[in-house]
There are 2 protein chains.
Amino acid sequence: MVASDKRSQLLETALQLFYEKGINAVGINEVLKSSGIAKKTLYNHFSSKDELVLASLQLRDQRFLAWIESKIEKAVDNKQVVIQLFKALTDWFNNRAPELPPFRGCFFINSAIEYGVTNDEVAAYCRQHKQQFRQILAARLTDIPEGILDTLCTLKEGAIVMAQVSGDTMAAEKCLPAALKLLNKD
Amino acid sequence: MVASDKRSQLLETALQLFYEKGINAVGINEVLKSSGIAKKTLYNHFSSKDELVLASLQLRDQRFLAWIESKIEKAVDNKQVVIQLFKALTDWFNNRAPELPPFRGCFFINSAIEYGVTNDEVAAYCRQHKQQFRQILAARLTDIPEGILDTLCTLKEGAIVMAQVSGDTMAAEKCLPAALKLLNKD
DNA sequence: TGTAGTGTAGACAGATCGGTCTACTTTTTC
DNA sequence: GAAAAAGTAGACCGATCTGTCTACACTACA
């Protein structure tokens, strides 16, 4: 049992709780109790809660982007990319994506809003995640104008918020026609 | 000087601070210090912080919807409504809307995310605000399909998030062409 | 087998928070 | 002008949070 075992257990627990309940609503002691690990061990692997938060963001970042990538990599043209993207979002919103925990919005939007005010590094990382998503999408779309790419990203963010705040888990599905319309030459 | 004077002073201060820094980041004592009002007076007008939060949401709700309404009421057709809406959002994001305090995202998205987990009433009010916005927009658009109305709302929410999290204050402007395209018959 | 590293359990400190309460002052109202 | 209502200033309580520290147990390895 290597040392990083405890570290990854703590990280898994922290990510699960932070995403489910929000960073501020989850204390260090709850992470400890839920993971069954002692406090000193946590502070041996992470110097502070903020460091644990950042590591959680990195883990989620890696997993979420890999998941999205896997959903659109098989698409053969722009239309299929957009279809697969919005289908994937709908699966996510309705808890039909086994790779992801139950939907509670975007971890990065949530964290930027509730934690970014007091922690610049968290805010910066959340911004970076959004940029990375944009690049992954751009890499799968051929000859796509910047404005249309931005609009697709805006629709994605909006759908997430609609699903979370308004409970409209069909938000992504509803704007799929509009997203496809964007691809047409006028 | 009627009693409601102190109440409205507290409410103004609370709304300003809650919106600027987030509800959790602002303690009761900060509201008191900033407003120059005694603690007992606050608890004479509001039974708890949660009640003050709800009153702040209501005040913002009323003001924001009135502001949006004023921006689109002069539009003579669907195209003008959409143009005015997204121009207004861009003004808001870039602090060119004197009626609104400096942009820090949507108070209702922010509050739902950071406070809605522990307070159902707050979550419900935020959802209701989004519904009211949708109705105000619907009332100004003629013969608009539900799906297009939903997509316009999604673009609006997405633009707010892009402006706040990614710092893209031109997000609304960028998706105006897409929004206008939605209005065209296919 | 002894030592260094890692773990556990949890008391504790220091800070902050929401909310109550007392004692006193000001304002309003009849 | 007296009584009632409303406001001030801030001490105080209990709860909660992050992070430190002590005392002890287990494990790996030379």
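Reminder, nothing fancy here: chain letters follow the sequence lines and each chain counts from 1.
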Checking side chain to side chain contact (heavy atoms under 4.5 Å, CB included) against F93(B), which of N95(B), D91(B), L89(B) comes through?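 Testing each of N95(B), D91(B), L89(B) against F93(B), the sole residue satisfying side chain to side chain contact (heavy atoms under 4.5 Å, CB included) is L89(B).
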Can you tell me which nucleotide in dA11(C), dT22(C), dG18(C) comes closest to the side chain of K39(A)?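 Looking only at side-chain atoms, K39(A) lies closest to dA11(C).
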State which of dA9(C), dG10(C), dG7(C) makes the closest approach to the side chain of T41(A).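 The closest nucleotide is dG7(C).
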Rounded to whole angstroms, how far apart are [atom1] on [X] and [atom2] on [N]?
X      : N       : atom1 : atom2 : value
N44(A) : dA9(C)  : CG    : C1'   : 16 Å
L17(B) : dG18(C) : CG    : P     : 12 Å
F46(A) : dT20(D) : CZ    : P     : 15 Å
K40(B) : dA5(D)  : NZ    : P     : 13 Å
Y43(B) : dC17(C) : OH    : P     : 12 Å
K49(A) : dT16(D) : NZ    : C1'   : 11 Å
D5(B)  : dT28(C) : CG    : P     : 11 Å
L10(A) : dT8(C)  : CG    : C1'   : 13 Å

Quiz question: by atom type and distance under 3.5 Å, do the side chains of N110(A) and Y115(A) form a donor-acceptor pair?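 There is no such pair between these side chains.
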Please check this pair: side chain of [X] against backbone of [Y], looking for a donor-acceptor N/O pair closer than 3.5 Å.
X       : Y       : value
S111(B) : F108(B) : no
N94(B)  : T90(B)  : yes
R104(A) : E20(A)  : yes

Please compare N24(A) and I37(B) by the position of their nearest nucleotide in DNA chain D and report the one closer to 5'.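 Taking each residue's closest nucleotide, the earlier one in sequence belongs to I37(B).
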So, is H45(B) near the phosphate of dG7(D), with a side-chain N or O under 4.0 Å from OP1 or OP2?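 Yes, such a contact exists.
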I want to check one thing: is the phosphate of dG7(D), taken as OP1 and OP2, less than 4.0 Å away from some side-chain N or O of K6(B)?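 For dG7(D), OP1/OP2 do not have a side-chain N/O of K6(B) under 4.0 Å.
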Let me have the donor-acceptor pairs involving side chains of residues 34-42 of chain B, under 3.5 Å, with sequence neighbours excluded, atom names and distances please.
{"unit_1": "S35(B)", "atom_1": "OG", "unit_2": "V31(B)", "atom_2": "O", "d": "2.8"}
{"unit_1": "S35(B)", "atom_1": "OG", "unit_2": "L32(B)", "atom_2": "O", "d": "3.3"}
{"unit_1": "K39(B)", "atom_1": "NZ", "unit_2": "N29(B)", "atom_2": "OD1", "d": "3.1"}

Give me the residues of residues 27-36 of chain B where at least one heavy atom lies under 4.0 Å from an atom of DNA chain C, by number, or none.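 G27(B), I28(B) - these, ordered by number, are the residues of the stretch whose heavy atoms sit under 4.0 Å from the strand.
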What about W92(B) and F86(B), are their ring centers closer than 6.0 Å?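 Aromatic pair excluded; centres sit 6.0 Å or further apart.
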